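Structure, as structure tokens:
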Amino acid sequence: MDSIRVKGNGTLKGEIPIAGAKNACLTLMPATLLSEEPLTLTNAPRLSDIATMTQLLQSLGAEVSGLQDGQVIAMSSHGPINAVADYDIVRKMRASNLVLGPLLAREGHAVVSLPGGCAIGARPMDLHIHGLEALGAKIDLRDGYLHANAGKGLKGAGIELRMASVGATENIVMAATLAKGTTVLKNAAREPEIVDLVRCLRAMGAEIEGEGTETITIQGVDRLHGATHRVVADRIELGTYMLAPAIAGGEVELIGGRRDLVGSFSDKLEEAGIEVAETERGLRVARMNGQVRSVNVKTAVYPGFPTDLQAQMMALMCTADGVAELEETIFENRFMHAPELMRMGADIEVHGGMARVRGVKKLKGAPVMATDLRASVSLILAGLAAEGETVVSRVYHLDRGYEHVVAKLRGVGAQIERIKS
Ligand code: EPZ
């Protein structure tokens with residue numbers, strides 16, 4: 001297994017290009033199942049999760065090919081569809097469950113393995129099931145697989161989600177595009193990735209409104225046609241790299257970044273004393289001198305502070321000037337980066353969903369281990385300003401969600417390299 005070695009190397013300067021959003025691409029790709037015509041995605045990120053979704057869609061009978069070094073994904077599912085999503089693919093990536101809604105809408109049945117546990121939490125699918133059953137599907141759990149059947153076809157319905165689940169919203173919206181009649185989805189997730197999915201579905205001929213609000217209304221249509229869609233910028237990659245100059249000092253421009261994608265996160269950075277400015281080409285983030293202030297963070301569904309940036313924000317708070325309280329409200333076990341940061345000298349106390357971080361002067365480089373996607377990058381960020389060398393092992397976690405991380409950070413002056421195992 002490869003590792004990444006990073007050495008504190010002074011302040012950063014330059015620019016980092018922001019890729020297309022992993023979490024938009026992972027819901028846009030299954031949408032190809034909703035039409036027999038080609039669906040092409042541009043500005044796609046080059047990530048192992050995208051390769052996994054490609055493998056899954058191909059196993060279902062879709063044609064998927066990466067063009068232009070993977071930045072364009074050309075898909076077509078005109079052929080016969082095998083509506084069975086195998087455990088050995090699904091267990092690698094929870095987002096595989098996003099084929100459930102499209103398969104039900106397209107084929108009227110689906111067998112999709114439950115994803116199984118994941119490092120950050122149990123991640124059940126009860127909200128997905130509740131929504132799809134409201135559309136008329138019958139879903140049974142047998143030997144670890146969801147067996148779903150839409151009988152004589154899905155019918156529009158009024159659905160209210162107990163909590164604004166991103167994945168459940170995506171599965172329900174995709175299924176409802178081909179249901180008979182109108183679906184009104186209340187307490188829908190409002191993330192930019194949902195807005196991007198709806199824009200793509202609308203380009204395919206779906207009749208949807210309300211995306212980005214808590215109520216999405218879908219008017220079912222008989223069929224969807226092909227489209228070409230540009231994947232929205234990745235707000236989590238953006239927020240992650242905004243923290244690089246915040247932690248190491250200096251000034252970096254994030255090309256393709258947009259403040260509206262990271263509104264509450266940017267507000268928090270400014271509260272901590274970091275400068276965030278919009279530029280022609282994106283966002284400029286700077287910390288010229290002065291101490292970072294400790295700030296309290298509570299993760300929430302969009303537009304609140306993103307849970308996917310909590311680990312990275314903790315890395316910044318480790319050397320801030322006071323005590324920061326980080327409350328994780330979305331996942332039950334998302335502080336696994338804390339013990340690794342403590343190996344670097346961080347002063348962190350974790351009690352349930354709350355982590356209290358007392359800033360120290362400087363962290364010390366150490367060998368640390370990545371435990372999940374976002375935790376792994378928080379260790380690299382911490383290493384940018386630590387004294388000495390930090391070696392992060394198990395970086396396959398990183399490859400899931402960050403393309404060319406070494407090249408992007410080296411491009412702004414970081415001393416970082418990948419060590420092949
Ligand atoms: C999406 O996961 C993202 N993944 C996650 O990003 C992100 O952390 C999460 O949304 C929250 O923003 C993709 O988009 C591929 P949820 P998802 O359904 O859809 C509970 C990353 O690092 N829940 O909004 O699975 C669930 O257990 C990943 O890129 C139920 O209880 O998130 C969790 O506690 C990590 N029942 C909470 O809701 C359900 O049926 C949020 O889950 C579904 C979810």
Side-chain angles (χ1 to χ4, degrees), residues 19-31 45 47-50 52-53 56 90 92-101 112 114-134 139 141 146 159-174 185 187-197 214 231-232 234-240 261-262 264-265 299-313 328-334 336-337 353 370-378 397-403:
K22 165 177 89 78
N23 290 349
C25 209
L26 289 175
T27 187
L28 289 162
M29 290 175 75
L47 303 167
S48 57
D49 270 9
I50 303 303
T52 304
M53 182 58 83
L56 173 62
V90 176
K92 278 195 285 190
M93 182 183 66
R94 171 186 168 79
S96 306
N97 63 14
L98 294 172
V99 300
L100 179 58
V112 175
L114 270 181
C118 132
I120 60 178
R123 306 188 73 180
M125 281 188 63
D126 56 309
L127 299 173
H128 299 244
I129 293 166
H130 159 70
L132 294 172
E133 285 186 333
I139 302 181
L141 173 61
L146 291 177
I159 303 168
E160 174 138 16
L161 289 177
R162 165 173 62 81
M163 55 173 296
S165 155
V166 171
T169 299
E170 291 163 345
N171 253 330
I172 293 164
V173 166
M174 286 193 281
L185 178 58
N187 198 22
R190 301 165 55 187
E191 275 69 4
E193 292 74 35
I194 309 255
V195 171
D196 205 43
L197 170 66
E214 62 242 8
V231 180
V232 68
D234 192 321
R235 63 194 171 96
I236 306 302
E237 187 196 31
L238 170 60
T240 300
L261 292 172
V262 282
S264 56
F265 176 73
T299 64
V301 295
Y302 193 88
F305 189 101
T307 173
D308 291 350
L309 286 171
Q310 175 260 110
Q312 300 90 314
M313 189 69 180
E328 174 55 61
T329 69
I330 304 292
F331 290 104
E332 57 269 34
N333 181 30
R334 206 168 194 182
M336 286 170 296
H337 42 287
T371 49
D372 64 81
L373 166 56
R374 307 303 174 182
S376 51
V377 81
S378 76
H397 290 291
L398 207 70
D399 298 334
R400 295 189 52 185
Y402 293 93
E403 63 168 38

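One-based numbering, in listed order, for ligands and for the atoms of each. The first residue of the sequence shown is numbered 1, and numbering continues consecutively from there. Just so it is clear, the structure is predicted and the values come from calculations on it, not from any experiment.
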Which segment of [X] sits under 4.0 Å of ligand 1 when only heavy atoms are counted:
X      : result
Arg162 : side chain
Asp308 : side chain
Thr307 : side chain
Leu98  : neither
Ala95  : side chain
Arg334 : side chain

Quick one: look up the protein heavy atom nearest [atom] and list residue, atom name and how far away it is.
atom                    : value
atom 23 (N) of ligand 1 : Pro124 O, 4.2 Å
atom 24 (O) of ligand 1 : Val166 N, 2.8 Å
atom 36 (N) of ligand 1 : Asp126 OD1, 2.7 Å

**Asked** What do the steps show when you test Leu161 against Leu185 for side chain to side chain contact (heavy atoms under 4.5 Å, CB included), and what is the final call?
**Response** CA-CA 8 Å; Leu161 289 177; Leu185 178 58; 3.9 Å; yes
**Request:** Could you pull out all residues at least two apart from Asp372 that satisfy salt bridge (charged side-chain N to carboxylate O under 4.0 Å, His left out)?
**Result:** none
**Complete:** Contacts of Glu193 meeting salt bridge (charged side-chain N to carboxylate O under 4.0 Å, His left out) (sequence neighbours excluded), chain-then-number -> Arg235
With only distance considered, is [X] within less than 3.5 Å of ligand 1 through an N or O on each side?
X      : value
Leu373 : no
Gly167 : yes
Ile120 : no
Glu170 : no
Leu127 : yes
Arg374 : yes

**Message:** Can you tell whether the side chains of Arg334 and Asp308 come within less than 4.0 Å, N to carboxylate O?
**Reply:** yes
**Item:** Residue Met163 vicinity, atoms of ligand 1 by number, heavy atom under 4.0 Å
**Value:** 37 (C), 38 (O)
